[in-house]
Amino acid sequence: MTHAPAMAGRTTDPEPRHGPVKSPRPTAWKRRARRESLVGYLFMSPWIAGFLLLTAGPMIASLYYAFTDYNLFDAPRWIGLDNFTEMFGDPRWRHSVQVTLWYVVVGTPVKLVAALGVALLLAQKRRGQAFYRAAFYAPSLIGASVSVAIVWKAIFSDDAVVDRTQQFFGVGVGGWTGDPDMIIYSLVALTVWQFGAPMVIFLAGLKQVPRELYEAADVDGAGKARQFWNITLPMISPVLFFNVLLETIHSFQIFSSAYIVGGGAGGNACGPADGSMVYTCYLYVQGFENSRMGLASAMAWMLLVAVALVTAVLFWSQKRWVHYEEGGR
């Protein structure tokens with residue numbers, strides 16, 4: 001007996017007969033993922049609050065103050081581009097730009113050369129290697145402190161260690177911190193003394209260079225200098241680029257050492273005859289000693305733009321001299 005006629009009269013209805021089907025409730029794994037996300041945001045909340053209150057908020061406020069006349073005591077008054085016009089016409093501001101550029105162009109390469117040279121020495125296996133690494137890195141931990149800047153100022157002052165050493169060799173130039181032409185060299189010496197951080201990064205890069213390349217170069221008769229230029233530098237070029245970028249940005253931001261060695265608060269806050277008046281030192285003078293926070297904010301944003309442009313140029317130039325392991329640039 002067949003039931004075909006009975007089945008033929010039935011049709012399949014894809015649509016629900018009693019209204020739309022309600023979406024299923026969230027599954028257990030979705031609820032768990034949501035809870036984990038909430039926990040993650042809870043742990044991130046201190047950083048988010050700090051970023052908004054201590055970084056993003058002050059940046060937005062300083063951008064507004066850059067277009068106002070603000071002295072920290074009265075309400076800011078909108079003046080448009082007057083701060084920038086005054087800044088570009090200020091000879092002391094232009095002098096601070098020149099001093100900062102000189103410090104960056106001279107201090108950064110010398111510091112990186114010293115760091116790379118010491119890293120090449122420490123890359124060789126020898127006894128007491130761990131001690132030497134720690135000893136060379138130690139100045140980077142304390143070099144930016146105010147106490148070290150005070151000691152550095154005392155060392156390079158008149159009739160101090162450096163001055164007496166110069167006199168012993170018949171060089172009577174006097175102390176560096178009291179000479180407008182020599183004080184900037186004491187700041188360069190201080191930053192070179194702090195080569196520990198880039199040295200450690202260079203050392204890590206040197207450890208990644210395959211030894212087979214040097215062995216093949218020895219077989220071909222290449223000397224140490226040729227191996228350095230044709231093997232070591234190309235292989236550590238990404239590390240070199242990172243150090244150049246990082247140290248260049250740090251050089252633009254120099255303040256505490258220049259301010260303390262230069263004399264601190266008062267008429268000689270930026271050194272005798274503004275000899276150590278780097279950009280941030282003059283910014284501090286305008287903002288906190290002259291109570292011109294609007295002008296100081298404009299100077300700060302100009303520094304940010306300058307550092308951003310230098311960073312962009314460095315990233316653009318890396319295509320020409322930075323080599324990666326896969327052969328690209």
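Because only heavy atoms are used, hydrogens play no part in the values below, and waters and symmetry mates are left out as well, while side chains stay in.
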| request: Report, as yes or no, whether the 6.0 Å neighbourhood of atom OH on Tyr132 holds more than 12 heavy atoms from other residues, nucleotides or ligands. | output: no

| query | If you draw a 6.0 Å radius around CH2 in Trp78, do more than 12 non-hydrogen atoms from other residues or ligands fall strictly inside? | reply | yes

| message | For Gly107 versus Val188, what's the shortest heavy-atom pair and its separation? | response | CA-CG1, 4.0 Å

| field | CG on Leu116 to CG on Leu240, rounded to 0.5 Å | value | 7.5 Å

| said: Ignoring hydrogens, what is the shortest heavy-atom contact between Asp181 and Ile184? Give both atom names and the distance. | reply: O-CG2, 4.1 Å

| request: Determine the minimum heavy-atom distance between Ile183 and Pro272, stating which atoms define it. | output: CD1-CD, 3.8 Å

| Can Met59 be reached from Leu63 by stepping across I, L, V, M, F, W or Y side chains whose heavy atoms are under 4.5 Å apart? | yes

| request: Say whether Leu121 and Val110 are linked into one hydrophobic cluster, either directly or through other cluster members, by side-chain heavy-atom distances under 4.5 angstrom. | output: no

| Option from Thr100, Thr191, Thr108 for which side-chain hydrogen bond (donor to acceptor under 3.5 Å, both in side chains) with Ser251 holds | Thr108

| query | Is there a donor-acceptor pair under 3.5 Å between the side chain of Ser237 and the backbone N or O of His323? | reply | yes

| request: Please step through ring-ring contact (aromatic ring centres under 6.0 Å, His included) for the pair Tyr279 and Phe252, ending with a clear verdict. | output: CA-CA 8 Å; Tyr279 194 94; Phe252 275 105; 8.8 Å; no

| said: In the structure I gave you, are the side-chain heavy atoms of Val106 and Pro109 within less than 4.5 Å of one another anywhere? | reply: no

| field | Pairwise distance OG(Ser96) to CD(Gln286) - rounded to 0.5 angstrom | value | 9.5 Å

| message | Just so I know, are the side chains of Phe88 and Met302 near enough to count as touching, which here means a heavy-atom distance under 4.5 Å? | response | yes

| So, does Ser140 use its side chain to make a donor-acceptor pair with the main chain of Ala197 at under 3.5 Å? | yes

| message | Treating Tyr137 as the side-chain partner and Met199 as the backbone partner, does any N or O pair qualify as donor plus acceptor under 3.5 Å? | response | no

| task | Walk me through it: do Trp193 and Phe136 pass the test ring-ring contact (aromatic ring centres under 6.0 Å, His included)? | result | CA-CA 9 Å; Trp193 181 65; Phe136 282 116; over 10 Å; no

| request: Indicate, with yes or no, if Ile60 and Tyr65 share a hydrophobic cluster defined by side-chain heavy-atom contacts under 4.5 Å among Ile, Leu, Val, Met, Phe, Trp and Tyr. | output: no

| request: Quick one: name the residues clustered hydrophobically with Trp316, using the 4.5 Å side-chain heavy-atom rule over I, L, V, M, F, W, Y, and just say none if it's on its own. | output: none

| said: Does Glu86 form a salt bridge (charged side-chain N to carboxylate O under 4.0 Å, His left out) with Arg292? I'd like the steps, not just the answer. | reply: CA-CA 12 Å; Glu86 178 182 353; Arg292 302 197 61 187; 2.6 Å; yes

| request: Report yes if the side chains of Tyr284 and Thr280 come closer than 4.5 Å at any heavy-atom pair, otherwise no. | output: no

| Nearest-0.5 Å distance, CZ of residue Phe73 to CE of residue Met293 | 9.5 Å

Report, one line per pair, each donor and acceptor closer than 3.5 Å where one atom sits in a side chain of residues 43-52; sequence neighbours left out.
unit_1, atom_1, unit_2, atom_2, d
Ser45, OG, Leu42, O, 2.5

| remark: Scanning both residues in full, the closest heavy-atom pair of Ala296 with Gly287 reads CB-CA, 3.6 Å

| request: Measure from the side-chain N and O atoms of Asp158 to the backbone N and O of Gly175, and report whether any donor-acceptor pair falls under 3.5 Å. | output: yes

| remark: The reported gap from CG in Leu304 to CE in Met299 (rounded to nearest 0.5 angstrom) is 14.0 Å

| Side-chain donor-acceptor pair present, Ser276, Tyr259, cut-off under 3.5 Å | no

| Could you state the interatomic distance from CZ (Phe156) to OG (Ser186), rounded to the nearest 0.5 Å? | 6.0 Å

| said: Pair Asp69, Leu295 - check side-chain contact (heavy atoms from CB on, under 4.5 Å), show working. | reply: CA-CA 7 Å; Asp69 181 11; Leu295 179 60; over 6 Å; no

| message | Using side-chain contact (heavy atoms from CB on, under 4.5 Å), reason through His95 and Met277 one step at a time and then give a plain yes or no. | response | CA-CA 8 Å; His95 176 70; Met277 189 174 65; 3.4 Å; yes

| field | Test item: Gln227 side-chain N/O and Ala222 main-chain N/O as donor-acceptor pair under 3.5 Å | value | yes

| query | Any chance the side chains of Glu247 and Asn243 put a donor and an acceptor closer than 3.5 Å? | reply | no

| request: Could you pull out the closest heavy-atom pair between Val99 and Gly275, with the gap in Å? | output: CG1-O, 4.2 Å

| query | According to a 4.5 Å side-chain heavy-atom criterion applied to Ile, Leu, Val, Met, Phe, Trp and Tyr, with indirect links allowed, do Val105 and Val113 form part of one hydrophobic cluster? | reply | no

| Just by distance, do the side chain of Trp93 and the backbone of Gly89 share a donor-acceptor pair under 3.5 Å? | no

| query | Does Leu203 reach the side chain of Val200, with side-chain heavy atoms less than 4.5 Å apart? | reply | no

| Taking a hydrophobic cluster as the set of Ile, Leu, Val, Met, Phe, Trp and Tyr residues connected by side-chain heavy atoms closer than 4.5 Å, whether directly or through intermediates, do Trp229 and Val209 fall within one such cluster? | yes

| request: Determine, step by step, whether Met235 and Tyr324 satisfy the side-chain contact (heavy atoms from CB on, under 4.5 Å) criterion, reporting the C-alpha distance in whole Å, the side-chain angles of both residues, the deciding distance to 0.1 Å, and the verdict. | output: CA-CA 7 Å; Met235 293 300 296; Tyr324 295 97; over 6 Å; no

| query | Between Trp102 and Tyr185, does the ring centre distance come in under 6.0 Å? | reply | yes

| field | Gap separating the CG atom of Leu206 from the CG atom of Leu120, nearest 0.5 angstrom | value | 5.5 Å

| So do the side chains of Gln166 and Trp176 get within less than 4.5 Å of each other, counting heavy atoms only? | yes

| Quick check: are there more than 12 heavy atoms from other residues, nucleotides or ligands sitting under 6.0 Å from CZ of Arg32? | no

| Any Asn83 side-chain heavy atom under 4.5 Å of Phe67 side chain | no

| task | Kindly indicate whether the side chain of Trp152, heavy atoms from C-beta on, has any atom under 4.5 Å from the side chain of Ile260. | result | no

| Any donor-acceptor pair under 3.5 Å linking the side chain of Asn71 with the backbone of Ser291? | no

| request: If you link ILVMFWY side chains whenever their heavy atoms are less than 4.5 Å apart, which other residues fall into the same cluster as Leu309? By chain and number, please. | output: Val305

| said: Applying salt bridge (charged side-chain N to carboxylate O under 4.0 Å, His left out) to Arg211 and Glu215, what does each step give before you reach the verdict? | reply: CA-CA 6 Å; Arg211 303 305 305 175; Glu215 295 172 357; over 6 Å; no

| Any chance CZ of Phe288 has more than 12 other-residue heavy atoms, nucleotides or ligands included, within less than 6.0 Å? | no

| message | Restricting to non-hydrogen atoms, name the atom on Ala149 and the atom on Ser257 that form the minimum distance, rounded to 0.1 Å. | response | CB-CA, 4.1 Å

| Looking only at atom types and distance, does a side-chain atom of Arg164 sit under 3.5 Å from a main-chain N or O of Asp159, one as donor and one as acceptor? | yes

| query | Does atom CZ of Phe84 have more than 12 heavy-atom neighbours, drawn from other residues, nucleotides or ligands, at distances under 6.0 Å? | reply | yes

| request: Measure the shortest side-chain to side-chain distance between Asp163 and Ser157 over non-hydrogen atoms and say whether it is less than 4.5 angstrom. | output: no

| query | Does any N or O in the side chain of Asp274 come within less than 3.5 Å of the main-chain N or O of Arg92, such that one atom is a donor and the other an acceptor? | reply | no

| message | Could you go through Phe255 and Leu283, starting from their C-alpha distance and side-chain angles, then the distance that decides it, and tell me whether this counts as side-chain contact (heavy atoms from CB on, under 4.5 Å)? | response | CA-CA 10 Å; Phe255 171 70; Leu283 188 154; over 6 Å; no

